[in-house]
Structures are given as structure tokens and as C-alpha cells.
K.L.:
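Just dropping this structure here.
Indexing begins at 1, ligand by ligand and atom by atom, following the structure's order. Position 1 is the first residue of the sequence, and the numbers go up from there.
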Amino acid sequence: AWALEIENLRKSYGSGFEALKGIDLKVREGDFFALLGPNGAGKSTILGIVCSLVNKSSGKVRVFGHDIDTDLAAAKLNLGVVPQEFNFNQFEKVFDIVTTQAGYYGIPLSKARESAEHYLKKLGLWEKKDDPARMLSGGMKRRLMIARALVHNPRILILDEPTAGVDIELRRSMWTFLEEMNRNGTTIILTTHYLEEAEALCRNIAIIDHGRIVRHTSKKELLTQL
Ligand code: ADP
Ligand code: ADP
């Protein structure tokens, strides 16, 4: 099955600037997929549209067959999103941030608590569950973002530059965590401007530049051609 299908996606921002110039992209269920490209290439814009945080100008987006124009709620159930910026309430407690998110998906509180506990433990944040988020270190905040994105057990996890500004130790442990999620069946799509990161993690890579896909390739193929 296709986890994500994008057809002829275009985006012009207010001023008329064309950030996406016709993107075609398909990601298979179970894939570990990178959107690789320099800053300003359009990677975040693509993810923003998939998650319906940004309005597209034209084109089609389907998440497990659900068109985001006509079937957004169903599409969203399948998506967990980790944006670049920390956008939780810094004064809310770690545990509440994660369980509140589950509520947005209609998950009953007892289930939400179970799932929050599971992911906070997995991400090494369980001892911090009663702390307000502002007390956490930068690395912990990033892991909190991931726990929150996973609480409804989405089939696709989307991360925008997950390890930008992260120290090497946390980067390694995040890579290990993402690899384990992927082995257990979660489709992972991330953006990165580090070739190294795409290389270490991903099976398939689309290289984006100036709003276009300039290459769409498997990692194996890419490495033999560099
Ligand atoms: P949309 O077309 O999705 O409604 P807009 O074009 O209205 O988005 O842009 C949202 C806001 O972001 C505007 O106020 C715009 O000026 C501002 N903005 C302009 N350039 C940038 C940029 N390079 N990165 C982020 N925001 C920008
Ligand atoms: P990337 O994630 O690859 O760094 P982005 O998708 O953030 O790229 O940005 C693609 C292009 O669109 C850039 O030139 C950026 O300045 C522009 N852009 C992004 N957001 C806005 C906005 N809200 N308004 C106007 N321009 C924007």
C-alpha cells in the first residue's frame, strides 16, 4: 500500500513566490524515507501541506488513500508529526502534554494514559512526567515532541529536521529509536539537510532543490553514484 501519494503539488506563498513547482512523490508503507535538500528547498512546505498546517495551491495529497481535501480527519489519524519548533505549552506537565494530544484523536483517557506511559518510558522521560515542560533540557523537549506525536499510534511518523541542533549522543539515540519504530512497521518520513543522516537511516531518498524533486532514488543507488 502507499502510505503517502503526492501528485503535482504546487505552493505559492502570499507574495506569489513559488515554493513548490510540481512535486510528485510516493512513499510505500513501511518505508524510511528522506526528503533531502538545502535550506529553502521546500521540504518543510511539503510536510506542512501533508499535515494540513499549510494550504496548498494545487495538487493532490493522499495518506493511506485518504485525500486530504475530502477526508482530512481519516488522513490525520494516520499521521504523527514532529515539527522543528517546540510548540507545546512550556508550563504544562510532560504527562499532560502527551495525554491531551491523545484526546484530540478521541482516545479515551485510560487508553491515553497507557499510551503516554508507554512512549514516555521508551523515550526516557518517565521520571520527568510531572515536571512542567520548561524544566526539560533541549534534548528532552525534542523527545517529548516525539512522544506526543506517537501517542495515537499513527502508521506514519513525520519529522521535520529531527536532529538539527542536537548533540551527537542524542542524535545516535534518536536514530536508534527511529530505526526500531520503523522495524516495528511505522512508516517514517523525515526532512534533513544532512546527507549523512539520510544515508544512515533511510531506504529511499528524494532530493529537493528550489521546489522540485531533482532526484528520487534508493540509498544504494545514490551512494554508488556519488
Ligand atoms: P499562506 O499562503 O500559507 O497563507 P502566507 O503567504 O500568507 O501563507 O505567509 C504567511 C506569513 O509568513 C506571511 O506573513 C509571510 O509574510 C510570512 N513569511 C514571508 N516570508 C517567509 C519566509 N521565508 N519564511 C517564513 N515566513 C515567511
Ligand atoms: P526547507 O524546509 O527546505 O528549508 P521551506 O519549505 O521552509 O524549505 O521553504 C521553501 C521556500 O519557501 C523558502 O524560499 C522559504 O523562504 C519560503 N517560505 C517558507 N514559508 C514561507 C511563508 N510563510 N511565506 C513566504 N515564503 C515562505
K.L.:
Kindly indicate, with the supporting measurements, whether the criterion side chain to side chain donor-acceptor pair (under 3.5 Å) is fulfilled by Asn153 and Tyr119.
P.N.:
CA-CA 10 Å; Asn153 293 309; Tyr119 285 111; 2.6 Å; yes
K.L.:
When you measure from atom 1 (P) of ligand 2 to each heavy atom in Ala19, Gly211, Gly40, which option holds the nearest one?
P.N.:
Gly40
K.L.:
Name all residues meeting the side chain to side chain donor-acceptor pair (under 3.5 Å) criterion together with Glu114; count only those two or more places apart in sequence or in a different chain, and write none if there are none.
P.N.:
none
K.L.:
With a cut-off of under 6.0 Å to the ring centre and 45° to the axis, is Arg28 in cation-pi contact with Trp2?
P.N.:
yes
K.L.:
Taking N or O atoms only and a 3.5 Å limit, does Phe17 qualify as a polar contact for ligand 2?
P.N.:
no
K.L.:
Do Ser44 and Asp160 pair up side chain to side chain, a donor and an acceptor below 3.5 Å, judged on atom types alone?
P.N.:
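Yes.
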K.L.:
Enumerate the atoms of ligand 2 whose separation from the nearest heavy atom of Ala41 is less than 4.0 angstrom.
P.N.:
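Answer, ordered by atom number: 1 (P), 3 (O), 8 (O).
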K.L.:
Give the contacting part of Pro38 toward ligand 2: side chain, backbone, both or neither, where contact means a heavy-atom distance below 4.0 Å.
P.N.:
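It is the backbone that touches ligand 2; the side chain stays farther off.
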K.L.:
Say whether Gly42 and ligand 2 are in contact under the criterion: heavy-atom distance to a ligand atom below 4.0 Å.
P.N.:
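In this structure, Gly42 qualifies as a contact of ligand 2 - some heavy atom is under 4.0 Å.
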K.L.:
Give every residue pair that meets the salt bridge (charged side-chain N to carboxylate O under 4.0 Å, His left out) criterion with at least one member in residues 124-153, sequence neighbours excluded.
P.N.:
none
K.L.:
Using the ring-ring contact (aromatic ring centres under 6.0 Å, His included) rule, take His216 and Phe33 through it: C-alpha gap first, then chi angles, then the decisive distance, then the call.
P.N.:
CA-CA 11 Å; His216 190 168; Phe33 195 97; 5.6 Å; yes
K.L.:
Tell me, please: is Asn39 in heavy-atom contact with ligand 2, that is, under 4.0 Å?
P.N.:
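Asn39: in contact with ligand 2 (<4.0 Å).
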K.L.:
Please list, in number order, the atoms of ligand 2 under 4.0 Å from a heavy atom of Ser44.
P.N.:
1 (P), 2 (O), 6 (O), 7 (O)
